[in-house]
Amino acid sequence: RSSDLKNAPEWLANYPWLTPLFTSLTNCSQKSCKIPGTNIELGEPTRIVQQLPRAISYRFWVHQGFTVYDLEFAHVVNDDYENIATACQDVVDLVTEYANKKEYPMSLALEMRFMSDSKSYLCPAVVGNGKPAGDSIKVAYVEVLALGSLQTRPKWVEFAQRVAEKWMAVDGVKPLPHWGKASELPATPQFVKYLWDNNGENMQNFLDQLEVSGADPDRIFFNEYLETVLNNPSKL
């Protein structure tokens, strides 16, 4: 029942040893989610267990059924994809470390999606900006998710911040956080400096355009967090 499923975060908070079983079952459940389909070659109706993109990536009912905690960064994709594999391995290593202590802060999934770069000032995919128009750069959004529970939140925040530290320490083009997700990253001077060091020109362009446009002169759509991260540390 859906009402029972929504209690899953509290189940796992009370019985964390169930987490590996739960995550396994959510993947295995795809085998029973049959949908109508057609055998294109024969033109005959058939039964498809699950369309491939959904079967290997997006567990729709899990995401819709629960409150989740989320951390996501946009990474430029190197030609050999090695840096994306490393970003994923960083998460696997941390999950293993915690699991060895019978702790499971990332209780849902490690996911990624690929897209081209962006020219929007604050979009994290702007990290891939810089090549001539038409010469798109591949960007991978890599994210970790956990079932939302106030009981397990402190351990999740600790885990998410450790993931972010590993990702932000990479050589080369630095990844940027997804603003639309709960980044779990406090607006410390170090984090603000990281943002301005790696996307400062675009952030300043956004602020300049905001002022020129006359939109939101009283900063109604700002909050304390945004006021901090959008304040150029070099001007302090």
Side-chain angles (χ1 to χ4, degrees), residues 2-29 56-75 83-113 124 127 140-170 174-195 223-226 228-229:
S2 60
S3 58
D4 291 334
L5 287 174
K6 290 186 178 181
N7 290 327
E10 301 310 320
W11 297 346
L12 299 184
N14 292 322
Y15 307 102
W17 53 270
L18 286 173
T19 302
L21 175 62
F22 175 82
T23 54
S24 176
L25 288 175
T26 60
N27 279 308
C28 293
S29 64
I56 64 174
S57 60
Y58 186 56
R59 290 172 284 167
F60 181 82
W61 68 269
V62 174
H63 288 68
Q64 296 300 314
F66 312 112
T67 298
V68 300
Y69 298 139
D70 192 353
L71 171 82
E72 183 171 33
F73 273 67
H75 306 247
N83 65 316
I84 305 305
T86 298
C88 293
Q89 189 62 50
D90 287 339
V91 176
V92 172
D93 291 343
L94 283 174
V95 167
T96 301
E97 176 188 324
Y98 280 89
N100 288 336
K101 299 183 289 185
K102 305 301 181 184
E103 296 175 348
Y104 306 96
M106 195 195 80
S107 55
L108 194 52
L110 163 66
E111 299 181 343
M112 75 178 75
R113 52 203 167 99
V127 70
Y141 281 76
V142 186
E143 66 180 327
V144 289
L145 300 124
L147 295 171
S149 167
L150 292 178
Q151 289 178 262
T152 58
R153 179 166 175 75
K155 188 61 66 173
W156 156 255
V157 171
E158 173 192 297
F159 173 85
Q161 290 178 353
R162 290 188 64 189
V163 171
E165 287 171 2
K166 285 181 174 289
W167 287 350
M168 293 190 295
V170 300
K174 302 289 190 179
L176 292 175
H178 189 317
W179 294 106
K181 305 295 175 70
S183 71
E184 312 295 3
L185 302 173
T188 62
Q190 294 82 1
F191 181 57
V192 174
K193 183 177 185 301
Y194 176 89
L195 293 175
N223 55 31
E224 184 178 353
Y225 187 87
L226 290 177
T228 302
V229 298

- Note on the structure: Value for NZ (K193) from OG1 (T188), rounded to nearest 0.5 Å, stands at 11.5 Å

- In terms of the angle between their ring planes, are Y69 and W156 parallel, tilted or perpendicular, with boundaries placed at 30° and 60°? parallel

- Query: Run the side-chain contact (heavy atoms from CB on, under 4.5 Å) check on L71 and Q161 step by step: do they pass?
  - Reply: CA-CA 9 Å; L71 171 82; Q161 290 178 353; over 6 Å; no

- Looking only at heavy atoms, the pair that brings P186 and E184 closest together is CD-O, 3.5 Å

- How about Y141 and P124: do any of their side-chain heavy atoms sit closer than 4.5 Å? yes

- Residue from L110, V142, V95, V91 passing side-chain contact (heavy atoms from CB on, under 4.5 Å) with V163: V91

- Interatomic spacing from CG in N83 to CD in Q89 - rounded to 0.5 Å: 13.5 Å

- Least distance between heavy atoms, P20 atom then W17 atom: CD-O, 3.4 Å

- Item | More than 12 heavy atoms from other groups under 6.0 Å of NZ on K101 | yes

- Query: Where is the tightest heavy-atom contact between A87 and W167, given as atom of each residue plus distance?
  - Reply: O-NE1, 3.1 Å

- Query: Do you know the tightest heavy-atom contact between L185 and A164?
  - Reply: CD2-CB, 3.5 Å

- Start with the C-alpha gap between E158 and R153, add the side-chain angles, then the distance that decides, and say whether salt bridge (Lys or Arg N to Asp or Glu O under 4.0 Å) holds. CA-CA 9 Å; E158 173 192 297; R153 179 166 175 75; over 6 Å; no

- When rounded to the nearest 0.5 angstrom, what is the spacing between OH in Y194 and CG in L176? 6.0 Å

- Return yes if some donor-acceptor pair links the side-chain N/O of K174 with the main-chain N/O of M168 below 3.5 Å, else return no. yes

- Task: Would you confirm whether E143, through its side chain, and M112, through its main-chain N or O, come within 3.5 Å as a donor-acceptor pair?
- Result: no

- Message: How long is the straight-line distance from CZ of F159 back to CG of L94, given to the nearest 0.5 Å?
- Response: 5.5 Å

- To the nearest 0.5 Å, tell me how far L145 CG sits from M106 CE. 8.0 Å

- Expected output: side-chain S107 to main-chain Y104 donor-acceptor under 3.5 Å: no

- E97 and R162 ion-paired at < 4.0 Å: yes

- Task: Check step by step if ring pair (Phe, Tyr, Trp, His ring centres under 6.0 Å) holds for F73 and H178.
- Result: CA-CA 5 Å; F73 273 67; H178 189 317; over 10 Å; no

- Task: Quick one: pull up OG1 in T19 and CD in E103 and give me the separation to the nearest 0.5 Å.
- Result: 11.0 Å

